[in-house]
Amino acid sequence: MRPAEIRVYACLYGMKVYSFGKDERIRKRKDFLKIYQDGARISSKNFITILSPNQTGTRRLGITVTKSVGNSVKRNRVKRLLREFFRLNKDKLPDSQDMVIIVKKDIPFLKYQDVCAELKDLFLERADI
RNA sequence: AGAGUAGAUUGGAUGAUCGCUGGUUCGGUUUACCGGACUGGAGGAAAGUCCGAGCUCCAUAGGGCAGGAUGGUUGCUAACGGCAACUGGGGGUGACCCUAAGGAAAGUGCCACAGAAAGUAUACCGCCCUGGGGAAUAAGCUUAUGUGCCAUUCCCCGGAGUAAGGGUGAAAAGGUGAGGUAAGAGCUCACCAGUUUUCCGGGUGACCGGAAAAGCUUGGCAAACCCCAUCCGGAGCAAGACCAAAUAGGAGAACACUAAGAGUGACCCGCUCGAUGUUCUCGGGUAGUGUCGCUUGAGGCAGCAGGCAACUGUUGUCCCAGAUUAAUGAUCAUCAUUCCCUUUUGGGAAACCUUAAUGGGAAAACAGGACUCGGCUUAUAGAUCUACUCUGACA
RNA sequence: CGGGGCGUGGCGCAGUCUGGAAGCGUAUCUGAAUGGGGUUCAGAGGGUCGGAGGUUCAAAUCCUCUCGCCCCGA
């Protein structure tokens, strides 16, 4: 099913495509620990991504930003950028998959385009496999 | 014009698309979601957590003793270690700035090196007087005799006085002058500086101004111990209150018994509760994307009045974040601010100066609520305003 | 929210309590020794004592404020 068709179906069932509700977030410490144990890790320049299948039928995102990244303004900005990327590109990701993104320390000031380019490379590669 | 001092304000704006989150409401459906509409959604420091309070709980906290904090005065305040005004001291040409600023004649302690001595002043050198011994010398007297006496000078040993002087040191015991003395010394006097006491005047007060007396002259350090005055019970929203099912323990009261232990996060006294057993009554510990606490408050804004001011009173008006893996974002467009480049216009011989416009590009800080307030401190691109001072020039 | 610790040559530390010349090890450089290197020996250089202010005759040390780092408890 192509993205355009998903949007059509979504409109028919009254669902928003680019929303990002609470169901799509990983919010429990237990879940995080489980994904850390079982998931497959992919490292890139600024992020470490952990992927793990789940049984809920939805794609879920969790973000880990430690204190060493910077003060709360920098941490919040990185989280917002990653959330924005997930929100706009989640229809290209496989179903029933949990995804935790860990932000490395000492990263430079990122724009949205930088995040987009880095993560798109990553997931296009996986799609080919 | 330049340099500077003090204080205040602001911390980009609008729109579109896609999202996040609180509230109200409507519909679907049904007790949990979905959708629609309307509406609210970070700061001057939200930060650091350095003080002070509210609020909550802990036998409502009484006494003692530790410990801690504060330290000019008056006022403001719910309170403060905060603020305002004033006083003393210090700095600056000045606007102005800094100031833990009670007590050193309660006690203890410390003051390196140097120096005689670093605190009940001492007595090493020096100065002066004097006892004894020795040496030298001119005159006089004397004698067998430079033998003795006397005088002067020097040296050695001892006694008494003195604090004027002594390359030091951060600091040396009031300073200058005169008298006085064997030599000296506030020993005495004059002037000056300081201290204490008393009196007069001003001020609510810190304190200020003036007068008199006492020779009184007493080093510094209490951000050394300490003394004095005032204040402080402890813990903190992870405080604290509540909740469905299953499983099975618990709680309260009375009686008996025990006096161990616990409540008390400095300790002691005091106070309160009581291990265990029996009987009766009640109905829930744990758990959790749980609920409440959770945002209306010593609240914001505007006007008027009082006060030098901090601030207070009063009237009107407004409701302005409540997340919990933790919400305010992303993209685009336009405008405004600053800077750079290009071209054009005006002046000029040129270098260049300057006004406006076109096009292109770049920059925009410090920083994100987590129970709530009042302060303090720290970070901060750029922009704006007010008052004042000094220097230079001109009138 | 509460509590504690650290900051001194390039690196690791002492000195701070009780104020009085800033030191130790290692590293660096120079020389000696060796055919050369290492080890060893001798010598030298290198410090705003995290920052600012204050007290004091005098501050790494005492006091106040502040910056950064680390740890612990609920």
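Proteins get letters first, then strands, A, B, ... in listed order; numbering begins at 1 in each.
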Any-strand Watson-Crick or G-U partner of [N], both distances under 3.5 Å:
N: B:C150; result: none
N: B:A53; result: B:U372
N: B:U196; result: B:A213
N: B:U342; result: none
N: B:A104; result: none
N: B:A251; result: B:U281
N: C:U61; result: none
N: C:U56; result: none

Would you measure the distance from the [atom1] atom in [N] across to the matching atom in [M] and give it in whole Å?
N: B:U204; M: B:G75; atom1: C1'; answer: 11 Å
N: C:C1; M: B:C237; atom1: P; answer: 8 Å
N: B:U295; M: B:U17; atom1: P; answer: 33 Å
N: B:C221; M: B:A105; atom1: P; answer: 11 Å
N: B:U218; M: B:G174; atom1: P; answer: 5 Å
N: B:U325; M: B:C335; atom1: C1'; answer: 40 Å
N: B:A245; M: B:A287; atom1: C1'; answer: 12 Å
N: B:G180; M: B:C128; atom1: C1'; answer: 16 Å

Hey, is [N] sitting syn or anti, using the within-90° cutoff around 0?
N: B:A101; answer: anti
N: B:C320; answer: syn
N: B:G44; answer: syn
N: B:U295; answer: syn
N: B:G186; answer: syn

Partners of A:I102 by side chain to side chain contact (heavy atoms under 4.5 Å, CB included), sequence neighbours excluded?
A:Y36, A:I48, A:I50, A:T64, A:V100
To the nearest angstrom, the CG-P distance between A:L82 and B:C20 comes to 17 Å
Any ring pair (Phe, Tyr, Trp, His ring centres under 6.0 Å) involving residues 60-80 of chain A? Give me the pairs, sequence neighbours left out, ordered by first then second residue.
none
Hey, what do you get for CZ (A:F86) to CG (A:L61), rounding to the nearest 0.5 Å?
5.0 Å
Hey, could you give me the NZ/OG distance between A:K67 and A:S72, rounded to the nearest 0.5 Å?
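Reported to 0.5 Å precision, the distance equals 10.5 Å.
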With sequence neighbours left out, what residues match A:F85 under ring pair (Phe, Tyr, Trp, His ring centres under 6.0 Å)?
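Expected list: none.
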Across all chains, not counting sequence neighbours, the ring pair (Phe, Tyr, Trp, His ring centres under 6.0 Å) partners of A:F47 are none
Exactly one of A:N46, A:L82, A:T66 should register a side-chain contact (heavy atoms from CB on, under 4.5 Å) with A:V103. Which one does?
A:L82
Readout for nucleotides 324-330 of chain B: B = base within 4.0 Å of protein heavy atom, S = sugar-phosphate only, - = neither; 5' to 3' it is SBSSSBS
Compare side-chain N and O positions of A:N71 against OP1 and OP2 of B:A47 and report whether any pair is under 4.0 Å apart.
no
Going by the side chain to side chain donor-acceptor pair (under 3.5 Å) test, which pairs reach into residues 74-86 of chain A, not counting sequence neighbours?
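Those involving residues 74-86 of chain A are A:E84-A:R87.
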